[in-house]
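Comments concern the structure below.
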Amino acid sequence: MFYGVKLGSRLLLGTARYPSPAILEAAIKASKAEIVTVSLRRESGKGKAGQSFWSFIQATGLRVLPNTAGCHSVQEAVQTAHMARELFDTKWIKLEVIGDSDTLQPDVFGLVEAARILSEEGFKVFPYTTEDLIVCERLVEAGCRVLMPWGAPIGSARGLNNVYGLRALRAHFPDIPLVIDAGLGVPSHAAAAMELGYDAVLLNTAVAEAGDPVEMARAFALAIEAGRAAFIARPLEPRDMAVPSTPVIGKAVLGGL
Amino acid sequence: MRIFLNDDAHDVEAGTLAAALERLGFGGRKIATAVNGRFVPAPSRETVKLAEGDRVEVVAPMQGG
């Protein structure tokens, strides 16, 4: 449930870096995603890319979550959010304020400031953040009702870098929808996120740049479903000593005569 | 009068943002605009006047993650 909108799928899919629009379309279908992320970029008077992408997105009938990718300042992110709201006709914004070009680590100070400005202006902010507990508290204070901590740097395919931190975040915010955004590589990463009790996963590169993006989209969908089911089924806690699964009582005594 | 649209210099007659966009091929297109770093909502393009050296940004929907 994001800002009062109930969804059937726990996978949010990015639309960038696919080999072709046809593969993107098939991957979206295979993923069963109901939200796709989009962006906005400069276009010339002769350019057709933006218009044809817009027609494509409309034809899917899916809900869109525009991002402020590439923005490095509060001012840039806020102005981009306004342009996105008009272009895509939605108050939802995936807020990115990037602090470092190598790791694409969020500038969490700028992020909190931009989140406050945009929330006050009526936006429904989905902040791309680190898993820092206090930063996330500030984001909630600023008006965010969804948090999107990174698993690992965008596009790095490393999975969940800080499982301890992500688990602590889940425990700290039992009622705020939490989405792992970025850094996943394989479906087991997504399953692990769901087993931690995360509400959803946002993917792009792991699907788009797989050898077969459509099959990978399907694999992630299955993993997310499995991980969620496992979380609901309350997994065992790991322990150090063996516990026999087969009952010992009633075992025939056959040796030691 | 010289303006910069997405960093490219263009000579346009003095007038509104809407007029400049029409002239540069953006009429009826799905775009969003900003002038000198500030978002200009579509309905305001008719009233915002451009000045020499203004920096206009025109963006369109694009794939994103």
Side-chain angles (χ1 to χ4, degrees), chain A residues 12-18 21 24 36-58 64-70 73 75-76 78-89 94 96 104 128 154-155 181-182 202-209, chain B:
Chain A
L12 290 73
L13 194 63
T15 55
R17 309 178 79 99
Y18 291 80
L24 166 59
V36 287
T37 58
V38 294
S39 194
L40 35 88
R41 284 291 178 266
R42 285 173 163 181
E43 190 154 87
S44 74
K46 297 188 191 88
K48 296 276 187 293
Q51 316 303 307
S52 62
F53 180 64
W54 173 240
S55 308
F56 170 87
I57 287 298
Q58 280 186 309
V64 296
L65 175 59
N67 68 28
T68 63
S73 71
Q75 144 92 0
E76 247 186 317
V78 168
Q79 298 305 315
T80 301
H82 278 278
M83 293 200 276
R85 177 162 71 176
E86 184 180 271
L87 259 189
F88 296 106
D89 193 25
K94 175 182 163 182
E96 297 184 31
L104 297 179
Y128 164 63
I154 296 172
D181 177 10
L202 197 163
L203 299 165
N204 189 345
T205 315
V207 171
E209 297 203 340
Chain B
M1 182 180 82
R2 174 155 291 196
I3 61 160
F4 295 90
L5 191 144
N6 295 345
D7 283 347
D8 290 332
H10 293 273
D11 287 312
V12 295
E13 288 164 31
T16 64
L17 173 60
L21 290 171
E22 185 70 39
R23 193 186 159 82
L24 295 171
F26 291 104
R29 302 270 296 276
K30 186 81 182 164
I31 54 167
T33 54
V35 175
N36 298 327
R38 291 274 159 201
F39 169 60
V40 178
S44 304
R45 291 178 202 150
E46 295 284 352
T47 50
V48 167
K49 294 256 194 306
L50 293 181
E52 176 76 26
D54 273 352
R55 291 181 301 106
V56 179
E57 290 287 328
V58 178
V59 295
M62 197 60 57
Q63 293 84 349

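Numbers restart at 1 for each chain; the letters A, B, ... are given by sequence-line order, proteins then strands.
Looking only at heavy-atom pairs under 4.5 Å with chain B, the residue among A/L87, A/N204, A/V38 that has the most is A/L87. Chosen from A/G50, A/G45, A/A49, the residue pairing most often with chain B at heavy-atom distances under 4.5 Å is A/G45. In terms of heavy-atom pairs under 4.5 Å with chain A, the best-connected choice from B/G65, B/A42, B/G37 is B/G65.
For B/D8, no part lies near chain A; criterion is any non-hydrogen pair under 4.5 Å. Looking at A/S44, the atoms closer than 4.5 Å to chain B (heavy atoms on both sides) all sit in the backbone: N, CA, C or O. For A/E76, no part sits under 4.5 Å from any heavy atom of chain B, backbone or side chain.
B/L50 is listed as a side-chain neighbour of B/V56, based on a closest heavy-atom distance under 4.5 Å.
Between B/R2 and B/E52 no salt bridge is recorded (no basic side-chain N to carboxylate O distance below 4.0 Å). Ionic pairing of A/E43 and B/R29 is present here: one or more N-O contacts between side-chain nitrogen and carboxylate oxygen are shorter than 4.0 angstrom.
To the nearest 0.5 Å, the span separating CZ on B/R23 from CD on B/E13 amounts to 5.0 Å. One finds the CG atom of A/N67 at 12.0 Å from the CE atom of B/M62 (value rounded to the nearest 0.5 Å).
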